[in-house]
Amino acid sequence: MAVRRGASRDARDKQQTNPLDSAGDVYALNSQIIALLQQDGRMPYSTIATALGVSEGTVRNRVRQLIDENVITIQAEAMPEAFGYNFNAQTFIKVAGGADIDAVLARLAAVPEVFYLTSTLGRFDLGMATYHQSHEHYRTFLAAHCYGQPDIALIETCMVLKVHKMKLQWNLEGERRPGLRGKVHS
């Protein structure tokens with residue numbers, strides 16, 4: 001009997017160290033995988049697996065699930081300055097009364113220079129960040145997409161002098177986020 005209890009305890013210990021046994025452990029594993037991919041989005045699954053002490057298949061399955069559940073994307077990020085877009089502006093928009101705000105959003109979202117578009121509360125209904133090649137390019141953009149549009153009542157512009165911080169990576173240590181729980185399987 002003593003041998004069985006010892007073997008049973010060993011089996012329980014092994015189960016407790018399996019990184020996919022509980023939702024909390026899945027969260028921790030997902031967070032660690034994301035942290036490594038934020039350091040290098042091209043990091044091989046085998047390297048991640050070795051660093052985390054799990055199988056390459058586990059990493060592959062976790063990453064696929066995180067992508068499928070829209071928790072992460074893996075993509076190249078082009079730096080605007082490399083393509084001659086050295087001018088960054090913010091534009092705040094008050095949508096005209098009676099106008100379809102969703103139509104305004106759809107129209108502006110389709111414009112290539114717009115890289116960030118938000119609905120806001122307060123004085124303005126929309127906030128928009130754009131990149132341009134020059135001041136003249138921005139003026140042309142405003143004339144084409146904002147000035148004289150019947151669904152836009154007011155705009156306020158703001159030229160960005162310098163970006164001091166643009167956070168593209170998230171520190172997930174110790175945080176519990178719903179999207180990182182995942183399903184408990186490998």
Side-chain angles (χ1 to χ4, degrees), residues 23-24 26-41 62-183:
V26 169
Y27 173 88
L29 180 61
N30 287 349
S31 296
Q32 292 170 332
I33 290 170
I34 291 168
L36 290 171
L37 287 172
Q38 286 184 143
Q39 290 174 22
D40 179 359
R62 295 273 88 225
V63 170
R64 173 56 38 215
Q65 185 176 5
L66 290 167
I67 291 170
D68 290 347
E69 293 176 357
N70 293 317
V71 175
I72 64 170
T73 63
I74 300 174
Q75 60 193 23
E77 181 182 339
M79 303 310 288
E81 296 83 11
F83 298 94
Y85 289 86
N86 298 309
F87 181 81
N88 182 347
Q90 295 176 348
T91 307
F92 301 97
I93 299 169
K94 178 76 175 160
V95 176
D100 181 355
I101 194 167
D102 291 327
V104 177
L105 283 164
R107 185 180 81 237
L108 294 172
V111 178
E113 291 87 354
V114 176
F115 72 91
Y116 190 73
L117 182 62
T118 61
S119 295
T120 61
L121 292 176
R123 182 173 162 203
F124 294 98
D125 301 306
L126 306 176
M128 174 172 63
T130 55
Y131 272 108
H132 304 279
Q133 295 168 336
S134 65
H135 293 91
E136 181 60 26
H137 184 243
Y138 183 46
R139 191 197 67 73
T140 302
F141 166 85
L142 291 172
H145 303 290
C146 297
Y147 297 144
Q149 298 293 327
D151 52 6
I152 294 179
L154 177 69
I155 69 165
E156 186 171 309
T157 62
C158 177
M159 183 175 111
V160 176
L161 295 176
K162 181 178 179 181
V163 176
H164 296 276
K165 178 179 180 180
M166 184 178 290
K167 184 176 179 181
L168 300 174
Q169 297 183 350
W170 294 88
N171 178 3
L172 303 173
E173 287 289 317
E175 295 183 29
R176 295 289 176 173
R177 296 188 186 269
L180 294 181
R181 284 191 300 251
K183 296 180 181 104

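Not measured: the values here are computed from a predicted model.
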Identify, with sequence neighbours excluded, every residue that meets side-chain contact (heavy atoms from CB on, under 4.5 Å) alongside [X].
X: N88; result: F115, Y131, V160, V163
X: A103; result: D100
X: D68; result: R64

What pair of heavy atoms forms the shortest contact from [X] to [Y], and how long is it?
X: H145; Y: L108; result: O-CD2, 4.0 Å
X: A96; Y: P150; result: CB-O, 3.4 Å
X: A78; Y: F83; result: CB-CE1, 3.7 Å

Quick one: are [X] and [Y] in side-chain contact, heavy atoms under 4.5 Å?
X: F124; Y: L154; answer: yes
X: L161; Y: M159; answer: yes
X: L126; Y: T91; answer: no
X: I72; Y: I34; answer: yes

Show your reasoning for whether side chain to side chain contact (heavy atoms under 4.5 Å, CB included) applies to F141 and T130. CA-CA 9 Å; F141 166 85; T130 55; 3.7 Å; yes
With [X] via side-chain hydrogen bond (donor to acceptor under 3.5 Å, both in side chains) - residues at least two apart:
X: N70; result: none
X: E156; result: R123
X: E136; result: R139

Does any donor atom in the side chain of H132 or S134 lie under 3.5 Å from an acceptor atom in the other side chain?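 No donor-acceptor contact under 3.5 Å links the two side chains.
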Side-chain (N86) to main-chain (Q133) donor-acceptor, under 3.5 angstrom: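 No, the answer is negative, given that no donor and acceptor are paired below the 3.5 Å cut-off.
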Using side chain to side chain contact (heavy atoms under 4.5 Å, CB included), reason through K94 and I152 one step at a time and then give a plain yes or no. CA-CA 6 Å; K94 178 76 175 160; I152 294 179; over 6 Å; no
Step by step, work out the side chain to side chain contact (heavy atoms under 4.5 Å, CB included) result for D125 and I93. CA-CA 6 Å; D125 301 306; I93 299 169; over 6 Å; no
Which pairs with one or both residues in residues 113-122 pass side chain to side chain donor-acceptor pair (under 3.5 Å), sequence neighbours excluded?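 Counting only pairs at least two positions apart or across chains, the side chain to side chain donor-acceptor pair (under 3.5 Å) contacts touching residues 113-122 are E113-H137.
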Which residue pairs pass the side chain to side chain donor-acceptor pair (under 3.5 Å) test with at least one member in residues 146-155, sequence neighbours excluded?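 For residues 146-155: R107-D151.
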Set of residues satisfying salt bridge (Lys or Arg N to Asp or Glu O under 4.0 Å) with respect to E81, sequence neighbours excluded: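 In terms of salt bridge (Lys or Arg N to Asp or Glu O under 4.0 Å), with neighbours along the sequence ignored, E81 is linked to no residue.
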Counterpart residues, salt bridge (Lys or Arg N to Asp or Glu O under 4.0 Å), relative to D40 (two or more places apart):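 D40: no salt bridge (Lys or Arg N to Asp or Glu O under 4.0 Å) contacts found.
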Applying ring-ring contact (aromatic ring centres under 6.0 Å, His included), can you list everything that pairs with Y85, at least two apart in sequence or on another chain?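 Scan of Y85 (ring-ring contact (aromatic ring centres under 6.0 Å, His included), adjacent residues dropped) gives none.
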Within this structure, what is the CD1-CG distance for the pair I33 and L36, rounded to the nearest 0.5 Å?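 CG of L36 is found 8.0 Å from CD1 of I33.
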For Y138 and T157: C-alpha separation, side-chain torsions, deciding distance, then whether side-chain hydrogen bond (donor to acceptor under 3.5 Å, both in side chains) applies. CA-CA 10 Å; Y138 183 46; T157 62; 4.6 Å; no
